[in-house]
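Chain letters run A, B, ... following the sequence lines, proteins first, then strands; residues in each count from 1.
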Number of protein chains: 2
Amino acid sequence: MAASGGAAASGGTAQRGQLSREKVLRAAVALADHSGLEAISMRKLAQALGVVPMALYKHVANKDELLAGLVDAVLAEIEPAQEGPDWVANVRRRILSARAVMLRHPWARRVMEAQAAPTPVVLAYMDSTIGMFLAGGLSVDLVHHVMHALGSRIFGFTQELYETDPASASELPPEAAAAMAAAFPGIVAVASSRPHDPDSVVGSGCDDQFEFEFGIDLMLAGVERLHRSGWRSADHDREAASVL
Amino acid sequence: MAASGGAAASGGTAQRGQLSREKVLRAAVALADHSGLEAISMRKLAQALGVVPMALYKHVANKDELLAGLVDAVLAEIEPAQEGPDWVANVRRRILSARAVMLRHPWARRVMEAQAAPTPVVLAYMDSTIGMFLAGGLSVDLVHHVMHALGSRIFGFTQELYETDPASASELPPEAAAAMAAAFPGIVAVASSRPHDPDSVVGSGCDDQFEFEFGIDLMLAGVERLHRSGWRSADHDREAASVL
DNA sequence: AAGCTAGGTGTACGGTGTACGCTTGTCAAT
DNA sequence: ATTGACAAGCGTACACCGTACACCTAGCTT
């Protein structure tokens, strides 16, 4: 009864090669793009594919593995490493490409943060990034520190703990705004400063692209100076005192 | 039957002031410290307190609010802002204090990352940090950029996407290590470089404290240089070309 | 004594990931 | 042509989660 009913009624088993790991991943990316990360549950994803939840498990081991697959899919959109004499420019361009991808898939950041271990694709990306530094002549030790210092910035995102509220600041009732300014004068002053091209900024938010570039340039410039000054794995005091 | 049995058998209702918001939060911190973040569910926390899950909801609005309370509790452990003529030293010390706290509560980073909005306690911490920069004479615009650039580093953590595997690298079978070295030569080279005091490093891990300080010092030194050179809200090219 | 209220209880619902076994279309070898 | 293996989708079931809602009761106020 149940069996024949299922087969006859659903018709879902008509074509066999319906699903595939790639289709599952593509659907998941689309779903996340469209409905946000919280929409990614095995059940909802299955529903979007017109299939029963457990069907997905034939193509992905479990949810974690699915998420890892999403990360890989996103990383594949980043433009490959460039060759060129200017390692700073190479790295900069790559990172900005990564950032563009992350802007297309805003949920990817949180997925990466939640992942326990890097996939081979992630490792390959890191490896090629490291290669760009090494090709620039940086010492292995310096590259080690740089990778730590840049952290997730190499993947094109910083850890925005709280999204810079788009226009919520200007939307609050005036008395709340006044209380805010009284309680946190520094935050209000700094948040309402909008030092760069006002035309590129909509609403009261700040220019995230500028801030991102400011951050990586600060880092890369510091690293370049360390490198030019022949920084070696000396102790940290030397770095702080003379070079910086 | 059920009612009298519950009242008589449990005895939990004997003293009334048993639970309190503070006790709930303290228990939650202890539970997370001891058993990790995934141990924090309303049910398990209630069990740890010898109480039924729903009892918690008299003291905490919901789980998100509980987690926000945890963040506040952790932030309260950070040493308060110092006064002093050297703003770099002030900030540095504060951040390193925050880092020490985060090392005591490793789960706190992930909780903060998952929070949607900052609590007043978080805002107060950020405000006082901003105040340290402003007291140092930095322009409001520069402080704006600096806060973005430092990001979550001001809370004492960087975004360790993948925990630097403690000794897992040396634990893998030799043939896997060889394959790894072949596939990702840069990573292997950089990861196995251990440029600083070998005595302070256990196993094959690297000195996280050094790396953290390296990162913030790189940032702070860059900022200090910008400040000393009279950086104003000019365009980004000027920064890149002349000052850095 | 009567009633209010704060705080702990019990039940129940809808959601999650996923283990396990069944069915069924497809193809290979007999 | 028949059989059998096999891949893939299905259904059920379980344990766990957060939490809405209706209780009950101790202790205080009036």
| query | Touch check for B:Val51, heavy atoms < 4.0 angstrom, all strands: base, sugar-phosphate only, or nothing? | reply |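 Result for B:Val51 = sugar-phosphate.
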In whole angstrom, give the distance that lies between atom [atom1] of [X] and atom [atom2] of [N].
X       : N      : atom1 : atom2 : answer
A:Ile40 : C:dT18 : CD1   : P     : 14 Å
B:Gln18 : D:dA26 : CD    : C1'   : 13 Å
A:Leu56 : C:dT16 : CG    : P     : 13 Å
A:Asn62 : C:dT16 : CG    : C1'   : 14 Å
B:Met54 : C:dG10 : CE    : P     : 13 Å
A:Leu67 : C:dT16 : CG    : P     : 14 Å
B:Gln47 : C:dG8  : CD    : C1'   : 16 Å
B:Leu45 : D:dC17 : CG    : P     : 11 Å

Taking only the side-chain heavy atoms of [X] (C-beta and beyond), determine which of [options] contains the nearest atom.
X       : options               : answer
B:Lys58 : C:dT18, C:dG10, C:dG7 : C:dG7
B:Tyr57 : D:dC17, D:dT19, D:dG9 : D:dT19
B:Val52 : D:dG18, C:dG7, C:dG10 : C:dG10
B:Ala55 : D:dT19, C:dG8, D:dT12 : C:dG8
B:Lys63 : C:dT11, C:dG8, D:dG18 : D:dG18

| task | Could you pull out all residues at least two apart from B:His105 that satisfy ring pair (Phe, Tyr, Trp, His ring centres under 6.0 Å)? | result |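 So B:His105 forms a ring pair (Phe, Tyr, Trp, His ring centres under 6.0 Å) with B:Trp107.
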| request: Determine, step by step, whether B:Leu150 and B:Phe133 satisfy the side-chain contact (heavy atoms from CB on, under 4.5 Å) criterion, reporting the C-alpha distance in whole Å, the side-chain angles of both residues, the deciding distance to 0.1 Å, and the verdict. | output: CA-CA 12 Å; B:Leu150 280 173; B:Phe133 286 111; 3.8 Å; yes
| request: Would you kindly compare B:Asp64 and A:Arg43 by the position of their nearest DNA chain D nucleotide and give the one closer to the 5′ end? | output: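 Comparing both residues, the 5'-ward one is A:Arg43.
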| message | At less than 4.0 Å, is any side-chain N or O atom of B:His59 found next to OP1 or OP2 of C:dG8? Yes or no. | response |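 Result: yes.
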| query | Are any of A:Lys44's side-chain N or O atoms less than 4.0 Å away from OP1 or OP2 of C:dG15? | reply |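 Answer no for this pair, as no side-chain N or O of A:Lys44 is under 4.0 Å from OP1 or OP2.
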| request: Could you pick out which residue, A:Glu38 or A:Ala61, lies toward the 5' side of DNA chain C when each is mapped onto its nearest nucleotide? | output: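 Comparing both residues, the 5'-ward one is A:Glu38.
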| Are A:Arg93 and A:Glu79 ion-paired here, with the side-chain N under 4.0 Å from a carboxylate O? |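 So A:Arg93 pairs with A:Glu79 through a salt bridge.
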| said: Tell me whether B:Gln82 at atom CD has more than 12 heavy atoms from other residues, nucleotides or ligands lying less than 6.0 Å away. | reply: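 Yes, CD of B:Gln82 has more than 12 neighbouring heavy atoms, counting only those of other groups under 6.0 Å.
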| said: How about CD on B:Glu65, more than 12 heavy atoms from neighbouring residues, nucleotides or ligands closer than 6.0 Å, or not? | reply: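 Atom CD in B:Glu65 is crowded, with more than 12 foreign heavy atoms closer than 6.0 Å.
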